[in-house]
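Step one of this worksheet: look at the structure below.
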Amino acid sequence: MILVTGATGTVGGRVLRRLREEGRHVRAVTRDPARAAFPGDVSVAACDLDVPSGLDEALDGVDRVFLMSLGHHKATHDTRVVAAARKAGVVRIVQLSSLGVEEVADRQDNPLARWHREAEEALCASGMEWTVLRPGGFMSNALSWADSVRAEGVARGPVADMPEAVVHPEDIAEVAVRALTDDGLVGETVALSGPESLTPRAQAAVLAGVLGRDIRFESVPLAVHRQKMLAKYSAETVDGVLAALADVLAGGDDLRAHVLPGVERVLGRPARTFTRWVCENLHEFR
Ligand SMILES: NC(=O)c1ccc[n+]([C@@H]2O[C@H](COP(=O)([O-])OP(=O)(O)OC[C@H]3O[C@@H](n4cnc5c(N)ncnc54)[C@H](OP(=O)(O)O)[C@@H]3O)[C@@H](O)[C@H]2O)c1
């Protein structure tokens, strides 16, 4: 049995779907099984990683785990899952981390990098088989433009011209499934990017081209962006993410602009393009 955390989310949802398609027995973690609509053959564990209880039941009979958690509790959550998994006899954990760990490795610490680094350290010291995935920015972050693109033909964000080799979440999920089901990635940390480096303004231009309408990119001050993020995440999480962004902007670090070999090395084919992601998600912007 493979336990998938974040099973209603962008990456975990895709990991769950792919594992099912391969005929694997899967158990999905969600805080609210009534809201999440999983297919009937999926075992479901109601579990809130904020609360220490519930994990032992979720891990009963599990031998592998896809581990994601988010925000300023990430290190606490992942450490909790790793400890419970070890106790339950889990053999392998594949962890979703972040390229942010590498971006700031030689410079001033920032919270986002620290949360992910501490989470990685807990896993790597566990004695279980592990694989760490470090993706850069997700292509799906562009969904935050959907409302304003539909309503006004405008994409808004705090940074217009910083290039980033954004990665398709499906590629992350595909690599995660390989790491869960093959033995070739045990003990490896894999950095993942998309196949081309695109500024947010250039991403909006790709979207405009596929949609066939004008889209203007509008830079917003960090304080305005912060307010928008607060609708979805805690203040600690938002400030950690923005501190990481400020760090990258101040340092002129272009790691996030690098096209990395991870996806192609693992999957044996080029990473999915942003144009492809746009075509798959066009309905969100119409
Ligand atoms: N976005 C990026 O550009 C980027 C870049 C690099 C790395 N990352 C990494 O990827 C993560 C985001 O992954 P994603 O986009 O797949 O996430 P997502 O789509 O935002 O999904 C969040 C998932 O987390 C679950 N969740 C939230 N709080 C929980 C809790 N207290 N207990 C149990 N489950 C909880 C939700 O489940 P329920 O609501 O069903 O309970 C949901 O399935 C980031 O946090 C970061 O670590 C992201």
Side-chain angles (χ1 to χ4, degrees), residues 3-18 27-38 42 44-55 58-59 65-78 80-81 84 94-104 111-120 123 132-144 157-159 162 164-173 175-176 189-194 198 200 203 229 231-234 236-238 240-242 244-245 248 255-256 260 262 274 277:
L3 186 75
V4 178
T5 59
T8 61
T10 308
V11 180
R14 289 170 162 89
V15 170
L16 188 83
R17 191 199 76 237
R18 285 182 165 274
R27 181 173 297 150
V29 172
T30 177
R31 289 165 296 178
D32 186 357
R35 189 169 44 91
F38 295 113
V42 174
V44 181
C47 184
D48 184 338
L49 296 179
D50 282 336
V51 184
S53 62
L55 264 178
L59 286 160
V65 175
F66 172 72
L67 175 56
M68 74 77 61
S69 70
L70 67 174
H72 71 288
H73 289 310
K74 180 169 177 69
T76 310
H77 285 180
D78 281 19
R80 193 170 274 163
V81 174
V94 175
Q95 182 184 49
L96 184 62
S97 182
S98 169
L99 193 62
V101 172
E102 294 179 36
E103 279 179 330
V104 294
L112 185 70
R114 194 179 65 246
W115 305 332
H116 286 85
R117 190 165 52 239
E118 288 174 3
E120 288 185 8
L123 175 59
V132 171
L133 305 181
R134 288 183 179 166
F138 295 0
M139 292 177 179
S140 48
N141 293 345
L143 287 173
S144 68
V159 180
M162 186 170 66
E164 189 168 14
V166 284
V167 58
H168 197 310
E170 197 68 48
D171 280 339
I172 306 171
V175 170
T189 298
V190 190
L192 301 169
S193 80
L198 292 167
Q203 291 173 40
M229 289 180 76
K232 208 171 159 198
Y233 303 108
S234 70
E236 291 97 319
T237 296
V238 169
V241 171
L242 294 182
L245 179 61
V248 170
L255 179 61
R256 62 176 63 197
L260 304 167
F274 185 68
W277 180 88

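Atoms within each ligand, like the ligands themselves, are counted from 1 in listed order. Note: hydrogens, waters and symmetry copies are ignored here, and every other heavy atom, side chains too, is used.
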Quiz item: So L59 and V65, side chain to side chain contact (heavy atoms under 4.5 Å, CB included) or not? Walk me through it.
Solution: CA-CA 9 Å; L59 286 160; V65 175; 3.9 Å; yes

Exercise. Please test R18 against E170 for salt bridge (charged side-chain N to carboxylate O under 4.0 Å, His left out), starting from the C-alpha separation and ending with a verdict.
Key: CA-CA 10 Å; R18 285 182 165 274; E170 197 68 48; 2.7 Å; yes

Quiz item: If we only count heavy atoms from C-beta on, is the V101 to E120 side-chain gap below 4.5 Å?
Solution: yes

Quiz item: Would you say S98 and ligand 1 have an N/O pair spaced under 3.5 Å apart?
Solution: no

Quiz item: Quick one: are H72 and P111 in side-chain contact, heavy atoms under 4.5 Å?
Solution: no

Quiz item: Would L49 and L55 count as a side chain to side chain contact (heavy atoms under 4.5 Å, CB included) if you check the C-alpha gap in whole Å, the side-chain angles of each, and the deciding distance to 0.1 Å?
Solution: CA-CA 8 Å; L49 296 179; L55 264 178; 4.1 Å; yes

Exercise. Give the residue and atom name of whichever protein heavy atom lies nearest to atom 31 (N) of ligand 1, and the separation in Å to one decimal.
Key: D48 OD1, 2.8 Å

Practice problem: Please write down residue, atom name and distance for the protein heavy atom closest to atom 20 (O) of ligand 1. | Solution: L70 CD1, 3.9 Å

Quiz item: Taking C-beta and beyond as the side chain, do L143 and W277 meet within less than 4.5 Å on heavy atoms?
Solution: yes

Quiz item: Is the closest heavy atom of D50 to ligand 1 under 4.0 Å?
Solution: yes

Self-check item: Which residue and heavy atom of the protein sit nearest atom 35 (C) of ligand 1, plus the separation
Solution: R31 NE, 3.8 Å

Quiz prompt | Side-chain touch V167/F138, heavy atoms, less than 4.5 angstrom | solution = yes

Practice problem: Using distance alone, determine whether H77 and ligand 1 share an N or O pair under 3.5 Å. | Solution: no

Quiz item: Would you say G13 contacts ligand 1, with heavy atoms under 4.0 Å as the rule?
Solution: no

Quiz item: Is there at least one pair of N or O atoms, one from K74 and one from ligand 1, spaced under 3.5 Å apart?
Solution: no

Quiz item: Do the non-hydrogen side-chain atoms of N141 and V166 ever get within less than 4.5 Å of each other?
Solution: no

Quiz item: Are V175 and L192 close enough that some pair of their side-chain heavy atoms sits under 4.5 Å apart?
Solution: yes

Quiz item: Numbering the atoms of ligand 1 from 1, which are under 4.0 Å from a heavy atom of T30?
Solution: 38 (P), 40 (O), 41 (O)

Quiz item: Out of curiosity, is S140 lining ligand 1, as in a heavy atom under 4.0 Å away?
Solution: no

Self-check item: Closest non-hydrogen atom pair between E102 and A191, with its separation
Solution: OE2-CB, 3.7 Å

Quiz item: To which protein heavy atom is atom 1 (N) of ligand 1 closest, and what is the distance rounded to 0.1 Å?
Solution: N141 OD1, 3.2 Å

Quiz item: Got the closest protein heavy atom to atom 25 (C) of ligand 1, with its distance?
Solution: G6 CA, 4.1 Å

Quiz item: Is D32 in polar range of ligand 1, meaning some N or O pair under 3.5 Å apart?
Solution: no

Exercise. Would you mind running through ligand 1 and noting each atom that sits below 4.0 Å from a heavy atom of L49?
Key: 30 (C), 31 (N), 32 (N), 33 (C)

Quiz prompt | G136 near ligand 1 by a heavy-atom separation under 4.0 Å | solution = yes

Quiz item: Has G137 got any heavy atom lying under 4.0 angstrom from an atom of ligand 1?
Solution: yes

Quiz item: What do you reckon, does V29 have a nitrogen or oxygen under 3.5 Å from a nitrogen or oxygen of ligand 1?
Solution: no

Quiz item: Hey, is T8 touching ligand 1 through its side chain, its backbone, both or neither, going by heavy atoms under 4.0 Å?
Solution: both

Quiz item: Would you say the side chain of S69 lies within less than 4.5 Å of the side chain of V81, judging by non-hydrogen atoms?
Solution: no

Self-check item: Closest protein heavy atom (residue, atom, distance) for atom 48 (C) of ligand 1
Solution: F138 CZ, 3.3 Å

Quiz item: So between Q95, R14, M68, M139, whose heavy atom ends up nearest atom 13 (O) of ligand 1?
Solution: M68

Practice problem: Consider every N or O of G9 and every N or O of ligand 1, then say whether any pair is closer than 3.5 Å. | Solution: yes

Exercise. With side chain to side chain contact (heavy atoms under 4.5 Å, CB included) as the test, would you mind laying out the steps for M229 and L242 before giving the verdict?
Key: CA-CA 10 Å; M229 289 180 76; L242 294 182; 4.0 Å; yes

Self-check item: Contact (N/O only, under 3.5 Å) between T10 and ligand 1
Solution: yes

Exercise. Report the part of P169 in contact with ligand 1, treating N, CA, C, O as backbone and CB onward as side chain, heavy atoms under 4.0 Å; options are side chain, backbone, both, neither.
Key: neither

Practice problem: Kindly confirm or rule out an N or O of V11 lying under 3.5 angstrom from an N or O of ligand 1. | Solution: yes

Quiz item: Which protein heavy atom lies closest to atom 10 (O) of ligand 1, and at what distance to 0.1 Å?
Solution: L96 CD2, 3.3 Å

Quiz item: At a 4.0 Å cut-off, with the gap strictly under it, does some heavy atom of H116 reach an atom of ligand 1?
Solution: yes

Exercise. Report, as yes or no, whether the 6.0 Å neighbourhood of atom OH on Y233 holds more than 12 heavy atoms from other residues, nucleotides or ligands.
Key: no

Quiz item: With H77, which of D50, D48, T5 fulfils side chain to side chain donor-acceptor pair (under 3.5 Å)?
Solution: D50

Quiz item: Would R35 count as a contact of ligand 1 if the rule is a heavy atom under 4.0 Å away?
Solution: yes

Quiz item: Any side-chain heavy-atom pair from L123 and D78 closer than 4.5 angstrom?
Solution: no

Quiz item: Any non-hydrogen atom of S97 lying under 4.0 Å from ligand 1?
Solution: yes

Exercise. Verify, without hydrogens or angle tests, whether R256 (side chain) and G136 (backbone) share a donor-acceptor contact under 3.5 angstrom.
Key: no

Self-check item: Atoms of ligand 1 close to S69 [distance to a heavy atom under 4.0 angstrom, numbered from 1]
Solution: 45 (O), 47 (O)

Quiz item: Starting from atom 6 (C) of ligand 1, which protein heavy atom do you reach first, and at what distance in Å?
Solution: P135 O, 3.3 Å

Exercise. Carefully, step by step, assess F66 and L16 under the rule side chain to side chain contact (heavy atoms under 4.5 Å, CB included).
Key: CA-CA 9 Å; F66 172 72; L16 188 83; over 6 Å; no

